[in-house]
Amino acid sequence: MNKEVTKAPEELTTAEAKAELKRLAKEIARHDKLYHQQDAPEISDAEYDALVRRNKEIEALFPSLKRTDSPSARVGAEPAAGFAKVQHLHPMLSLDNAFDREDVADFIGRIKRFLGRKDDGEIELNVEPKIDGLSASLRYDDGELAIGATRGDGTVGEDITANLRHVAGIPHKLKDAHPPKLIEIRGEVYFPHDAFFALNKERENAGEPLFANPRNAAAGSVRQLDPNITRSRPLRFFAYAMGAVEGWRNEPKLHSEAMEQLRKWGFAVNPETRAASTLDQALEFYDAMAKKRADLNYDIDGVVYKVNDLALQNRLGFVGRAPRWAVAHKFPAEQAVTTLKDIAIQVGRTGALTPVAKLEPITVGGVVVQNATLHNEDEIARKDIRIGDKVIVQRAGDVIPQIVGVVDADRKGRGKKYEFPTECPICKSAALREEGVAVRRCTGGLVCPAQAKERLRHFVSRGAFDIEGLGYKHIESFYEDGLVKSPADIFRLHRRRSDLMEREGWGESSVANLLNAIEARRTIGLDRFIYALGIPQVGEATAKLLARHYHTLQDWRGAMLAAAKDRESAEYLDLNNIDQIGESVAGDILDFFAEKHNLKVLEDLADELTVEEVRAPRASGSPVAGKTVVFTGALAKMTRDEAKARAEALGAKVASSVSKKTDYVIVGEDAGSKAAKAQELGVKTLSEDEWLELIGG
Ligand code: IVH
């Protein structure tokens, strides 16, 4: 390949970079022509990739030299800055995991309980392999592929339509004279094994970095700005579910029927899929697939069990980000033995000291592992893990590698017992352990650079402010150079434009892009804002609950301050009364509000930002949207869980105790004090039938 290129982009002088960009523009244009117009490429795709990448790297280092005929401006259907965002019509969910027979039995038991079924009744399942690839959503409008997107954060993904058009198993048009008006198809894009090995061989010959596994290769290929690169990779697709659907003639009643329809429309559907109606049948399928796994031409990391009846799926709904009607039964983790070279201590956002094993690099299930988590100091003591030991490393799917234990723990000449540090390795503050708690924490707070940096990292992360182009590396160096010390400093960066431009690797256009990306986030929803604060135990789901309950930053802040001051106040009771927020979570929220430096961060941010109000999505026309309801006593027509889930789906808030703010108390049989309390407070009570009538059956 391009032999005359010897210097790395960072080593080029401005004059050399200019000449090199000119040469690359010409060279890439020539190969484009050979490939597209003459079908006679002279170089491999990998070599072509390398040219495109080199051009891009030089442009990133010398943005002012970018040519008007730059290949990066022409390549691909997408703007060079990245992919457009796509909102999924129905969210793309993940799956809960099961690891053994008991977990699967629990899954089936939970479904039966939720539906109020007797123990001996059977629930028909559809069982299928769990493909270890990259999930994608395809939207067909009047039968034509309109948009193909990555999963993204589950709500918003990236538009990769141009790339997905080159994936086998995805029809451009549904084979149907009367297709649905609109349908979202979900499935997995994967890289077949044989093609994966061939690709890596090619990359090795070209001196390019290898893909760690087929899944990374699939992700790397699909997220290419140049669809021609995707076209050169033999990706495939298996459809396994649907999202939104409108106007479907002969709508299927079963998942298996739906899959059959997808197959007829032209999608690839996994041929291993079966029906199973008992726990034993499901587990038989699992065993059979575990045996067959090595012979398949694609990676699977388990099997998925799904309730086959779509009406039941609908009733079962979701908990958090996962459906109640499906579970992934994962294959056991892969293990390997290697030497523990050292134990490093990382300091997290909340000051927690986490020990990390530094390992002699080893391949576990096809991935090179050099670090593994050791959880906490008790874990190290319990397993008596010492530096220099031979240890068993385990990797389970996407889970961070772990140390299972020590090999040959009785051998002579082992190192000395590991002593966990009692001071923070970064800021040297005391690191303390509260009684009954496993973690040791640095007491330095925001004085500790590690904590401050981690909080900033969380602040800009995907579910929080998600500022494009502001990754951890930037945050870290901005922090170290004093440009960004606290979250609000990010929104004051525009005042430091000239400082930014002077930094290595930054030029006029990259600084302008960053500042634009920051401006784009100056207005943010309350849910993301709360999540961004990084309060322990307040993840995205809890932040959403809080935002929907309090609506505005002002109201939330006011209520939290009052609750933090007096844990018997009405505000405290109100917080505790939000369904799914228990005392421990409430405690962490209020601890956050009890710290002066946190209040300062909040105030500082409020000066810079517009925090938008958040309300629960109004299920259109729902008479109970925004209402607070409490269920009490035994219901006859459905279980309490199902009733709660339905109420929430209709936009109601379900609380656990009755207060003046409660709108309805639904009184089942043998209701106790809550019904009495409702009467006392003059809150409207409804029988189960009255409630069902209100919500339309
Ligand atoms: S069903 C609403 N079926 O696994 C549930 N998912 O760990 C939608 N996956 O995000 C998922 N094979 O990307 C389903 N046969 C299969 C699957 C499958 C692989 C992926 C999917 C999902 C992830 C969850």
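When a ligand or atom number is given, it counts from 1 through the structure's own listing order.
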Please work out whether any backbone atom (N, CA, C, O) or any side-chain heavy atom from C-beta onward of [X] is under 4.0 Å from ligand 1, and answer side chain, backbone, both or neither.
| X | value |
| --- | --- |
| Lys130 | both |
| Met92 | neither |
| Leu95 | both |
| Pro129 | backbone |
| Phe318 | neither |
| Ala241 | neither |

Inset, instruction - Give a yes or no on whether the backbone of Ala326 and the side-chain of Asp96 come within a donor-acceptor separation of less than 3.5 Å. - result: no

Inset, instruction - Could you tell me whether a side-chain N or O of Asp132 sits under 3.5 Å from a main-chain N or O of Ile300, the two making a donor and an acceptor? - result: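 No, because the side chain of Asp132 does not come within donor-acceptor range (under 3.5 Å) of the backbone of Ile300.
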
What protein heavy atom sits nearest [atom], and how far away is it?
| atom | value |
| --- | --- |
| atom 20 (C) of ligand 1 | Glu188 OE1, 3.5 Å |
| atom 3 (N) of ligand 1 | Lys306 NZ, 3.0 Å |
| atom 21 (C) of ligand 1 | Tyr240 OH, 2.9 Å |
| atom 10 (O) of ligand 1 | Leu93 O, 3.4 Å |

State the atoms of ligand 1, each with its element, that fall below the 4.0 Å cut-off from a heavy-atom position in [X].
| X | result |
| --- | --- |
| Trp325 | 2 (C) |
| Val304 | 3 (N), 15 (N), 16 (C), 17 (C) |
| Glu128 | 3 (N), 15 (N), 16 (C) |
| Ser135 | 13 (O) |
| Pro323 | 2 (C), 5 (C) |

Exercise: do [X] and [Y] side chains pair donor with acceptor under 3.5 Å:
| X | Y | value |
| --- | --- | --- |
| His255 | Glu128 | yes |
| Arg186 | Ser137 | yes |
| Tyr298 | Asn270 | yes |
| Gln87 | Thr155 | no |

Inset, instruction - Just say parallel, tilted or perpendicular for the rings of Phe465 and Phe529, cut-offs at 30° and 60°. - result: perpendicular

Inset, instruction - Answer yes when Glu188 and Lys130 have at least one side-chain N-carboxylate O distance shorter than 4.0 Å, and no when they do not. - result: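 Answer for the salt bridge query: no.
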
Legend entry - Pair Lys292 + Glu272, salt bridge at N-O below 4.0 Å: yes

Inset, instruction - Look only at interatomic distance and state if Ile131 has a nitrogen or oxygen under 3.5 Å from any nitrogen or oxygen of ligand 1. - result: yes

Inset, instruction - Please name all residues satisfying ring pair (Phe, Tyr, Trp, His ring centres under 6.0 Å) with His329, sequence neighbours left out, ordered by chain then number. - result: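 By the ring pair (Phe, Tyr, Trp, His ring centres under 6.0 Å) rule, His329 matches Tyr286, Tyr305.
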
